[in-house]
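Note: hydrogens, waters and symmetry copies are ignored here, and every other heavy atom, side chains too, is used.
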Amino acid sequence: METLVALVVFAILVAIPVSIVVLLVKQIRMRRRLDDLERTVAQLRGADTELPPASLQKPAEPLKGPWKQSKAKEKPAKIEPTKIQRPVKPPKEKSEQSNWFSRFGAWLRENWFYAVSALSLALAGIFLVQYGVETGLLPPAARVVAALTFGAALILFGEVVRRRFGDDEKFASAYIPSVFSGAGLVTLFGGVLAARQLYDLIGAESALFAMIVVALIGLLLGWFHGPLLAAVSLIGAYAAPFVVGGTSEDPTWLLGYFLAVAVLGLGIDTVRRWAWISILSLVGAYGSGAMLVFSAPTTESGYLTFVTVIALVSIAIPVRRIWPDHSGPMTFEIFERKDGDAWPAFPTLLGFGTVAVTSGILSFNGADSIAEFWLTVFLLSGLTLSLTLWARNARALQDATLLPALGLVWFVLAHGLDGGLAARDFAITYAQTAEADFPWVATVLVALGAIISVCAALRSFASRRYSVVWAGAAAVFAPLLGIALEIGWLPALVIGAYTWALHAVALAVLMVVLAERFARVDGEERIRTALFTLSALSCMTFACVIVLSSAALTIAIVVATIVAAALDRAFKLPPMSWFIWAGVFSVTARLVLDPGLDWANSAPLLEMTLVYGGAAVGFVVAWIVLKPLDRPVAKLLLESAAWATAGILLSLLLLRWLEGFGEGGAQDSHWGLGLLSVIWLLLAYAQVQRFEIGGNLTEFRYLLAVFFAGHAAYRLGQALTDANPLLVPDADPVLGLPVFNTLAVAYLLPGLAILFSAWRIKPMPKLLRQVSYGLAVLLGSVWLGLMIRHFWQGAAGMYADNGVSQPELYTYTVVLLIIGAVLFYQSLARQSGLMRKAGLAVIGLAVGKVFLIDIAGLGGLIRVFSLLVLGLSLAGLAWLNRWAKLRQSPQSPEPLDH
């Protein structure tokens, strides 16, 4: 009974496609007869032209598929030369690309039965094998032979239909040969997979060889058939292993099968130029490989190799070159594309996309074993070197090299930060025994980075347009990989600081050699020489970071900055300004942030003075060295940094000297807060001085200036309120003699710093200069008032609740009158009406004080002298004011009785 059922099922499976074939053949014959009748009718009517076949179905617009027609089959349109004004890009291609999905949907609605037919035929062959497994109807070998025979029969029938009736869209038999041949290919793939996975009749090598043969057959058929065959073959081939099922101890060999299928799709597309076939091939390859890894994690290492090979074949096959020669614009140039510029070619986008996907898969791989870590490292390195050397003629793929290179740096960094097995094994090298073998992990990785840098330098020698870019990549990559190791792996803790520093020194030597090589060939154009010189200086600085203390490291960076300036002057290397900028930034950050001001407040005085003084002197020396050269940016950076650093040094020395008295501290005393505000004010005005540099960092300098100024304002606010001895009874006492005391440090010194900076920085915005002068005057006034109070009350009587003495009140009046008189005098000397008005305002303030405060607060002779001085002063100033008006006015004064 089971045998009878099996035969019935088999007959049904065979009868359905056979019936479809018979009906299609009859339909084709009927269509031909109808065409003959139409021609006969046209001739009888005396038509001028013969009607084309199938005229009732709009022959002028043949049925379109969801793909572009092969260029081999396109006939160039006849264009009248007289109508051509200038070459115009037809919008058709753009509209086809933008409407690809809509056209595909329209084609699928009209021709869905072809896809269903192909799917039914392919499943018929695969389920034939599966049914044999379930029922035991035939022995394993016979089941496989039956599937292979069925697949071959489908291919043979498809070829017969194609040769006899055609497979082009203008024929009624369109897509039918592709349906049968594609289903036959899928059935052949399924039969081979069954022989390997279900019955273990053949080994993995034999199965892979058989599948390659099937793929070659499909490649050959794809050159003659339409794109439907390629689509059906690819989808069925990728799905076949998962439909057939079965188990295997090591299914890694399936990755070779997926590679063969991907090569099949790329091979068809490289001749017929159906772009979406290549995309389908690669999506299927990546997706099928990922599904295999998820179901069998042991295949992960094979999958990493698989995706790397996929990236390489996707570069070589579309251009049909062993040595790729992609031309045209690069992918990154899309961001700079202007109207009318060419887009990157499809092979370029395809290669860039696969390199991007492969680099992402490799760089974000977890590396569950040490072997997998090294495999990933060498695959990323190999892909980088392949794009650098193997694809050296592919101008359009140069930007793709950046992806695996950065992926390698990221993978090494992330593996160390995440505590991967290789990093943990490296870290515990000497944990159990001090006589363990030297761990070569960091050394090998640094050497690998050096090899990639050397290859990039060789590419720079051979390149023309992007030679500087390749030189920059060569100068940066090896040090960048070393920094990734320093951050993620901490090699100095394992192999020692000096040993690890020698790696940086070795890279510096390599960069010096490369700089010398490029200096020989570049002549006066020394941009590449400068890049490698910069890299050498950076590597030496990196070595200093590893072995030197905080103070020594700061001095080393200053020395490197001076060396950069000297190299620029000796060899005319403008890019040295980049290193000078980095040096100034690094030294400033170390002086202020890390180890910063906290270290300066606690370090030995001599060491602190050496660091800050050495930095200030170093900036001045570098500025002097660069003075004859046209380096405005570098000189401005050095000048502003020198002024700021010198001011910070003086503030710190004064701070440390005042702390020696043992009363108050830098964090909460009025003079300590004032000195801290001076430091931040100098940093803020250093950024203001750099505003004239302009460029992309202007907004960043604005932010820094605001940040520094805000910090200074916060410290000044504390000094004026929380630590002000006039307002707070338990504030730190005023130290020093009258006039020369900590009040001047807290309030006058910040005002002088503001006033000096506003005077020194010539290109300062006018509004900012006016605000600066106003703040300086305000702080000077605060200091003057507190100084007068300290003079009469002493340190113990500074608090406001202690009252105001008569001499102190009288002194305020006299000082106001003196200030007004000085302003009047200056207004005459400078011919300044604004200063004269300011003098009048101060005099008015003095008058108001006398009549509102002094008369009530003073007594005896002091009150008399106060009014006497006020009267005489006002009389004299009135005469002085009238005299000034007469000198400044072009007309004679009018009499009072006019």
Side-chain angles (χ1 to χ4, degrees), residues 370 373-374 377-378 381 405 408-409 411-413 415-417 420 422-431 433-457 471 473-518 529 531-564 567 579 582-583 586-587 590:
I370 297 178
F373 166 79
W374 284 114
V377 167
F378 287 123
S381 303
L408 176 59
V409 174
F411 176 73
V412 172
L413 175 63
H415 190 81
L417 294 176
R424 291 204 303 267
D425 184 70
F426 173 75
I428 63 174
T429 301
Y430 299 108
T433 172
E435 298 180 356
D437 294 335
F438 181 81
W440 292 96
V441 178
T443 305
V444 171
L445 289 173
V446 171
L448 197 57
I451 292 173
I452 294 176
S453 285
V454 170
C455 292
V476 167
F477 183 78
L480 186 62
L481 189 59
I483 293 174
L485 282 168
E486 168 67 18
I487 296 174
W489 294 58
L490 301 177
L493 300 180
V494 179
I495 62 178
Y498 287 97
T499 304
W500 176 232
L502 288 177
H503 290 71
V505 173
L507 290 179
V509 172
L510 173 63
M511 297 304 164
V512 170
V513 173
L514 292 175
E516 187 273 336
R517 291 290 90 190
F518 279 100
T529 304
L531 291 174
F532 287 105
T533 305
L534 285 171
S535 181
L537 287 174
S538 301
C539 291
M540 291 304 300
T541 305
F542 181 41
C544 294
V545 171
I546 297 171
V547 298
L548 297 180
S549 62
S550 296
L553 176 58
T554 303
I555 296 299
I557 298 175
V558 173
V559 172
T561 304
I562 298 174
V563 172
L567 289 172
F579 188 88
S586 300
V587 171
R590 294 189 60 80

Tell me, which pairs form a side-chain hydrogen bond (donor to acceptor under 3.5 Å, both in side chains) where one or both residues lie in residues 477-489, sequence neighbours left out?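 Output for this query lists Glu486-Trp500.
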Polar side-chain atom of Thr429 near backbone of Pro439 as donor-acceptor pair, under 3.5 Å: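 Side chain of Thr429 to backbone of Pro439, a donor-acceptor pair under 3.5 Å: no, none is there.
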The criterion is ring pair (Phe, Tyr, Trp, His ring centres under 6.0 Å); which residues satisfy it with Phe477, sequence neighbours excluded?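 None.
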Applying ring pair (Phe, Tyr, Trp, His ring centres under 6.0 Å), name anything that partners Phe378, two or more places apart in sequence or on another chain.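 For Phe378 the ring pair (Phe, Tyr, Trp, His ring centres under 6.0 Å) partners, ignoring immediate neighbours, are Trp374.
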Check side chain to side chain contact (heavy atoms under 4.5 Å, CB included) between [X] and all other residues, then give those that pass, not counting sequence neighbours.
| X | result |
| --- | --- |
| Ala497 | Ala492, Ile546, Val547 |
| Leu548 | Cys544, Ala552, Leu553, Ala556 |
| Ala484 | Val409, Leu413 |

Take the angle between the ring planes of His415 and Phe411 and call it parallel below 30°, perpendicular above 60°, tilted in between.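 Plane angle between 30° and 60°, so tilted.
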If you round to the nearest 0.5 Å, how far is [atom2] of [Y] from [atom1] of [X]?
| X | Y | atom1 | atom2 | result |
| --- | --- | --- | --- | --- |
| Ile557 | Ile562 | CD1 | CD1 | 12.5 Å |
| Ile483 | Ser538 | CD1 | OG | 8.0 Å |
| Phe579 | Leu534 | CZ | CG | 7.5 Å |
| Ile495 | Phe426 | CD1 | CZ | 5.0 Å |
| Trp440 | Leu445 | CH2 | CG | 13.0 Å |

Would you be so kind as to tabulate the donor-acceptor pairs closer than 3.5 Å made by side chains of residues 503-516, with sequence neighbours excluded?
{"unit_1": "His503", "atom_1": "ND1", "unit_2": "Thr499", "atom_2": "O", "d": "2.9"}
{"unit_1": "His503", "atom_1": "NE2", "unit_2": "Thr443", "atom_2": "OG1", "d": "2.9"}
{"unit_1": "Glu516", "atom_1": "OE2", "unit_2": "Arg520", "atom_2": "NE", "d": "2.2"}
{"unit_1": "Glu516", "atom_1": "OE2", "unit_2": "Arg520", "atom_2": "NH2", "d": "3.1"}

Within the 4.5 Å heavy-atom criterion, are [X] and [Y] side-chain neighbours or not?
| X | Y | value |
| --- | --- | --- |
| Leu481 | Val446 | no |
| Phe542 | Pro479 | no |
| Ser381 | Leu408 | yes |

Given Tyr430 and Phe438, is the side chain to side chain contact (heavy atoms under 4.5 Å, CB included) satisfied, shown in steps? CA-CA 9 Å; Tyr430 299 108; Phe438 181 81; 3.8 Å; yes
If every non-hydrogen atom of [X] is compared with every non-hydrogen atom of [Y], which pair is closest and at what distance?
| X | Y | answer |
| --- | --- | --- |
| Ala478 | Ser453 | N-OG, 3.1 Å |
| Ala422 | Phe373 | CB-CD2, 3.6 Å |
| Ala475 | Ser535 | O-OG, 2.6 Å |

Residues forming a side chain to side chain donor-acceptor pair (under 3.5 Å) with Thr554, sequence neighbours excluded: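 Checked Thr554 against side chain to side chain donor-acceptor pair (under 3.5 Å); matches are Arg590.
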